[in-house]
Number of protein chains: 2
Amino acid sequence: MSAVPDAPLFQPLYRQIAELITRSLDGGEWKPGEAIPSELELAARFKVSQGTVRKAIDELAAAHLLVRRQGKGTFVATHSEERTQFRFLRLAPDDGSAERLSRKFLDCRRMRPSAEVAQALDIPGSQAVLQVRRLLYFRGAPVVLDDLWLPLALFKGLTGQRLSEYEGPLYGLFEAEFGVRMIRAEEQIRAVAADADAAALLEVGPGAPLLSVDRVSFTYGDRPVELRRGLYDTRSHHYRNRLS
Amino acid sequence: MSAVPDAPLFQPLYRQIAELITRSLDGGEWKPGEAIPSELELAARFKVSQGTVRKAIDELAAAHLLVRRQGKGTFVATHSEERTQFRFLRLAPDDGSAERLSRKFLDCRRMRPSAEVAQALDIPGSQAVLQVRRLLYFRGAPVVLDDLWLPLALFKGLTGQRLSEYEGPLYGLFEAEFGVRMIRAEEQIRAVAADADAAALLEVGPGAPLLSVDRVSFTYGDRPVELRRGLYDTRSHHYRNRLS
DNA sequence: GAGTGGTCTAGACCACTGA
DNA sequence: CAGTGGTCTAGACCACTCG
C-alpha cells in the first residue's frame, strides 16, 4: 500500500520537463494569460531537444494548464476569458440559446469547517474557512444556488464587499487576486428535493426536484482548494456532459 | 453557413492516416479486441514514416478507439472488458465500495419512433425502432431504470429472448453481434420527480427526486445509433464527473 | 522577414512482452 | 531472443502572426 499507488520510479525526460514547467507555473514565474518562453528557449534552458520540450508542453496543454497559439507562442491558461468560462459550469439552456448569465453575491462569512468540509479540503478542523453563498441568473431568472467553502489561509483579504463589487467568473478573481488557479475538479451529482431556503431563492415549489452538484476543485499538485455545493433548477436547463 | 463548420481544407498527413485507420475500423478490417498491424507495418502500407503513424495512433488512442499495450501491440478498443465497463456508466456508490451490478431485461418492442426519437437518431419517422427497457441493480437493489431506442435497421434480429439471456454490458453485445461500436456519447442531466411507473420499479416513493440522464451515443463518423433515457435513484449513489 | 508553433522524417536506443 | 511500443535527438520545412 502506497499513498501514490501508480507513480513509476523512473519518469521519461519529457515528463520531468513537464514537472519543472508546472513548478514554475505554481511558483508564479509566469502569470495567467502571459506567454511562457518559446520552445527553443526552454530547450536551451533545460538542455534537451525541442522535441522533448514539445512533448512536455503537449501534456500540459492537454491538461489545460497551457494554451498554444500557432505563430504567437504558448500561454498560461486563465479563467478570465470567454472561451474558458464554461469549462467548469456545465449548465446549458434546453433551447440551445446563448444566454448571458449574471451573478448575485448573497453572503460571506468566516467559520470553522464542518468535519465534511475539513475532510474535502484536507485541512485540520481548527483552520478557519470562508463560506460564500451566491445565485446565478440566466436571462434574469435564478437557476443556480451555490455554496462555497474556501480555506481562509489561501484567500486572506477576501470580503463580502469585494465579492459584491466583482463581476465575472469567481475563478478569474481567485487567480488574479489570490494566485489560486483551479486546474481540475471532481463532481458528484444527485437529485434532491428543494428545502425551504433553496425553494425560496430559486423560486421553485417546496420539495421540487433539484440537481445537487458537489464539487471539489484542485490546484497544481492536486491540492484541493475549494468545496462547492450547487443546487440547479433544471426545469429549462440541463447539465451537459460528453462521454468519450 | 456550412454543415461542418470547422473542417479545414488541408489536413496534416497524420490526420489523413488517422482517418484511413478509422475507416478500416469502421469497415471491420480489425475486430474489437484484436491487434492492428504494427506501427512499422502501417508505415510501410501508407508510405509514411513510423513517427507519422505514431501520431495518428496517438489521436485514436486518446479518443479510445484504440488501446496501446507496450511490448504487445495496438488493439481495437472493446466494451466487453472490465476496464472499460464504467466509461459510459458514471454511477458510483457513495461509500466507494466496488459493487458488482446486475441487469434485468424488462421489455423489447418494435415501434415507430416519436418525433423526438427520430430527430435524436437522425432517421425518418417512417423507419422503425426498437424500444428496450431494463433495470440495473447494485447489491440487489434497483438503482437505474433505462429506456433505449435503437434503429431497427442496425439491429436486425435483436429480440427480447436474446436480451434476457445475455449477461454483460449491452454495448458489448452490440459490437459483438451487430458490429455497432459506441465511440462517444452526449448526456443531458436533469432532476425530475418519479412518476408512478418509475417509482414502483425503482422502489422509491411517488414524486421522489430522480436523476434523469438522456444520452445519445455515436459510432464512427459521429453517426447517432442509440438514444437512451435513464432514471437514477441517487439516494445512495451519485453520478461522478471529472472536469478538466 | 523574423519568430513562433506545427509537421515530417530518419535513426538510435530503451522498456516491455512472450516464445 | 525478436518484436512491439516508448523515448529522444537533429534537422528540414510548413503555417501562422505581426511588425
Side-chain angles (χ1 to χ4, degrees), chain A residues 6-22 24-25 29-31 33-78 81 83, chain B residues 6-22 24-25 29-31 33-78 81 83:
Chain A
D6 284 328
L9 272 68
F10 293 101
Q11 297 276 44
L13 192 48
Y14 73 83
R15 197 173 299 276
Q16 300 174 38
I17 304 297
E19 180 57 33
L20 289 173
I21 295 174
T22 302
S24 287
L25 288 167
E29 181 172 345
W30 315 295
K31 298 270 179 289
E34 287 182 6
I36 70 171
S38 76
E39 296 177 351
L40 281 172
E41 284 178 89
L42 290 172
R45 165 165 160 181
F46 297 127
K47 303 279 205 307
V48 298
S49 76
Q50 184 191 7
T52 301
V53 170
R54 272 195 75 73
K55 191 144 189 190
I57 292 179
D58 281 346
E59 278 212 337
L60 301 180
H64 300 113
L65 272 64
L66 297 175
V67 178
R68 322 187 80 132
R69 290 188 205 140
Q70 188 176 64
K72 300 175 76 172
T74 301
F75 298 77
V76 183
T78 171
E81 293 177 3
R83 300 165 25 267
Chain B
D6 283 328
L9 273 68
F10 294 102
Q11 298 276 42
L13 192 48
Y14 72 82
R15 197 172 300 277
Q16 300 176 37
I17 303 297
E19 180 58 33
L20 289 174
I21 295 174
T22 302
S24 287
L25 289 168
E29 181 171 345
W30 314 295
K31 298 267 178 292
E34 286 182 5
I36 70 170
S38 76
E39 295 177 352
L40 280 172
E41 284 178 90
L42 290 171
R45 163 163 161 183
F46 296 127
K47 304 278 206 308
V48 299
S49 76
Q50 184 191 9
T52 300
V53 171
R54 273 195 72 73
K55 191 145 188 189
I57 293 180
D58 281 345
E59 279 212 336
L60 301 179
H64 300 113
L65 271 66
L66 297 175
V67 178
R68 295 175 167 288
R69 288 185 206 142
Q70 188 175 65
K72 301 175 74 172
T74 301
F75 298 77
V76 183
T78 170
E81 294 178 4
R83 301 164 25 267

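Hydrogens, waters and symmetry mates are skipped; everything else that's a heavy atom, side chains included, is used. Here is how names work: the chains are called A, B, and so on, in the same order as the sequence lines, proteins then strands, and each is numbered from 1.
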Does OP1 or OP2 of [N] have a side-chain N or O of [X] closer than 4.0 Å?
| X | N | result |
| --- | --- | --- |
| A:Ser49 | D:dA10 | no |
| A:Arg54 | C:dG5 | no |
| B:Thr74 | D:dG5 | yes |
| A:Lys55 | D:dC8 | no |
| A:Lys72 | D:dC18 | yes |
| B:Arg69 | D:dT4 | no |

Could you tell me how far apart [X] ([atom1]) and [N] ([atom2]) are, to the nearest whole angstrom?
| X | N | atom1 | atom2 | answer |
| --- | --- | --- | --- | --- |
| B:Leu66 | D:dG6 | CG | P | 12 Å |
| B:Asp58 | C:dG6 | CG | C1' | 15 Å |
| B:Gln50 | C:dT7 | CD | P | 18 Å |
| A:Leu40 | C:dG3 | CG | P | 11 Å |
| A:Leu13 | C:dC13 | CG | P | 17 Å |
| B:Ile17 | C:dT7 | CD1 | P | 14 Å |
| B:Glu39 | C:dC16 | CD | C1' | 14 Å |
| A:Phe75 | C:dT4 | CZ | C1' | 9 Å |

Out of [options], whichever nucleotide has its closest atom nearest the side chain of [X]:
| X | options | value |
| --- | --- | --- |
| A:Arg68 | D:dG6, C:dG6, D:dC8 | C:dG6 |
| B:Thr52 | D:dC8, C:dG5, C:dC8 | C:dC8 |
| B:Gln70 | D:dT9, C:dC16, C:dT7 | C:dC16 |
| A:Tyr14 | D:dG5, D:dC8, C:dG6 | D:dC8 |

Atom pair [atom1] ([X]) and [atom2] ([Y]), whose distance is rounded to the nearest 0.5 Å:
| X | Y | atom1 | atom2 | result |
| --- | --- | --- | --- | --- |
| B:Leu25 | B:Ile36 | CG | CD1 | 7.0 Å |
| A:Thr52 | A:Ile57 | OG1 | CD1 | 11.0 Å |
| A:Glu41 | A:Gln50 | CD | CD | 11.5 Å |
| B:Arg69 | B:Phe75 | CZ | CZ | 5.0 Å |

Whichever of A:Gly73 and B:Val53 has its nearest DNA chain C nucleotide further upstream toward 5': A:Gly73
Between B:Gln11 and B:Gln16: side-chain donor-acceptor atoms closer than 3.5 Å: no
